[in-house]
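Taking it in order: structure first as structure tokens, then the write-up.
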Amino acid sequence: MAGEEQRARHVAIIMDGNGRWAKRKGLPRAMGHRRGVEAVRELVRNVEPLGLECLTLYAFSSENWKRPEEEVDDLMNLMRKFIKSDLPEFVANNVKLKIIGDWQSLAPDIVAMLEDALDQTKDGKHTLAVALNYGSQQEIARAAAKAAAIGEVNEKTIAAHLDTVDLPPLDLLIRTSGEVRLSNFLLWQCAYAEMAFVDTLWPDFTIEHLKAAMNDFAERERRFGGR
Ligand code: IPE
Ligand code: IPE
Ligand code: MG
């Protein structure tokens, strides 16, 4: 639709495929997660020219606790290292960190690191929202309970209590690794989001893949139920 191109304000990514990336290379799973963190770092470094208001990344789901303890510990340690190493860069690059999900029930030292990171980045301009211990059904249930407590349950009062309340509407959801499911991510927010499922495994995902998905989004015709 020439002349009617739209630009995405908010893109969310289900960063999937670290394990398969490692397996294909004959490496331990932990190496896949490590390379996954590097892919996040590179993406965040290069995302500014794309003009997004918000990039949301699914990093750890409420259901990921089901994985072996060793893998969960590894992911938590990677999180600790990442916050420590990359926070100064976030501050320098005007990144405003936002965490969605039940992050306050993570380990106390991680909660403290995240609180500090949120504080240090609060004046940032481009939002990087990270979903940690996030489950969309749980988020909706929490929001519905809060709406019930104020005595008015409808789509507006529920939306007003979601973790994403201060983020722009979701335009585009990308999932890597070829899986075509939402895995309890942003179910409410996806109501009218465009979807992109790409085969690339997360550690191989680059800014060029994101650009391509956003260019494809720009051409799509969104109707929101109208005509
Ligand atoms: C995504 O990669 C990272 C997390 C879920 C934390 P996976 O670990 O799910 O990789 P696959 O899906 O097994 O390849
Ligand atoms: C979704 O990926 C969660 C994250 C990417 C953090 P999973 O690998 O956990 O999803 P399923 O289990 O394949 O649905
Ligand atoms: Mg997976």
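When a ligand or atom number is given, it counts from 1 through the structure's own listing order. Quick caveat: nothing in here was measured; it's all calculated off a predicted structure.
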Would you kindly specify which portion of [X] sits under 4.0 Å from ligand 2, judged on non-hydrogen atoms: side chain, backbone, both or neither?
| X | answer |
| --- | --- |
| Ala59 | backbone |
| Lys66 | neither |
| Phe185 | neither |
| Glu63 | neither |

Is the number of heavy atoms from other residues, nucleotides or ligands within 6.0 Å of [atom1] ([X]) greater than 12?
| X | atom1 | result |
| --- | --- | --- |
| Glu179 | CD | yes |
| Gln137 | CD | no |
| Arg222 | CZ | yes |

Closest protein heavy atom (residue, atom, distance) for [atom]:
| atom | value |
| --- | --- |
| atom 2 (O) of ligand 2 | Arg175 NH2, 3.6 Å |
| atom 10 (O) of ligand 1 | Gly19 N, 2.9 Å |
| atom 5 (C) of ligand 2 | Met15 O, 3.4 Å |
| atom 14 (O) of ligand 2 | Ser183 OG, 2.6 Å |
| atom 13 (O) of ligand 2 | Arg181 NH2, 2.8 Å |

For this session: Assess Arg67 for proximity to ligand 2: is some non-hydrogen atom of it under 4.0 Å away?
Result: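 Heavy atoms of Arg67 do come under 4.0 Å of ligand 2.
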Show me which atoms of ligand 2 lie under 4.0 Å from any heavy atom of [X].
| X | value |
| --- | --- |
| Asp16 | 2 (O), 8 (O) |
| Asn64 | 3 (C), 6 (C), 9 (O) |
| Phe60 | 6 (C) |

Exercise. So, for Trp65 and Phe60, is the gap between ring centers shorter than 6.0 Å?
Worked result: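 Yes.
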For this session: Record the part of Glu179 in heavy-atom contact with ligand 1 below 4.0 Å; permitted values are side chain, backbone, both and neither.
Result: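 Neither part.
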Problem set entry | Contacting atoms of ligand 1, where contact means under 4.0 angstrom from a heavy atom of His33 |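 Reading through ligand 1 atom by atom, the close ones are 3 (C), 8 (O).
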For this session: With heavy atoms of Arg20 as the reference, note each atom of ligand 1 found under 4.0 Å away.
Result: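 With Arg20 as reference, the close atoms of ligand 1 come out as 11 (P), 12 (O), 14 (O).
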[X] touching ligand 1 at heavy-atom level, < 4.0 angstrom:
| X | answer |
| --- | --- |
| Gly32 | no |
| Gly17 | yes |
| Lys23 | no |

For this session: For residues His126 and Asn94, determine if any side-chain heavy atom of one lies less than 4.5 Å from a side-chain heavy atom of the other.
Result: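 A side-chain contact exists here, since the closest heavy-atom pair is under 4.5 Å.
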Exercise. Are any of the side-chain heavy atoms of Thr176 and Phe197 separated by less than 4.5 Å?
Worked result: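 No. Closest side-chain heavy atoms not under 4.5 Å.
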Exercise. Is the closest basic N to carboxylate O distance between Arg34 and Asp74 below 4.0 Å?
Worked result: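 Here Arg34 pairs with Asp74 in a salt bridge, since their nearest N and O are under 4.0 Å apart.
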Exercise. Do Glu5 and Arg220 sit within salt-bridge range, that is, some charged N less than 4.0 Å from a carboxylate O?
Worked result: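 Looking at Glu5 and Arg220, the cut-off is not met.
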Problem set entry | Among Thr121, Asp166, Thr56, Asp163, the one residue meeting side chain to side chain donor-acceptor pair (under 3.5 Å) with Lys98 |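 Only one of Thr121, Asp166, Thr56, Asp163 forms a side chain to side chain donor-acceptor pair (under 3.5 Å) with Lys98, namely Asp166.
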For this session: Look up atom CG in Leu114 and atom CG in Leu87, then write down how far apart they are to the nearest 0.5 Å.
Result: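 Spacing of CG (Leu114) from CG (Leu87) equals 10.0 Å.
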Exercise. Among the clusters formed by ILVMFWY side chains lying less than 4.5 Å apart, do Tyr192 and Leu187 turn up in the same one?
Worked result: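 Cluster IDs for Tyr192 and Leu187 differ.
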Exercise. Any chance the side chains of Asp116 and Gln120 put a donor and an acceptor closer than 3.5 Å?
Worked result: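 Yes, side-chain donor-acceptor contact under 3.5 Å.
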Problem set entry | Atom of Asp16 nearest the Mg ion (ligand 3) (restricted to N/O/S, atom name only) |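 Sorting the N, O and S atoms of Asp16 by distance to the Mg ion (ligand 3) puts OD1 first.
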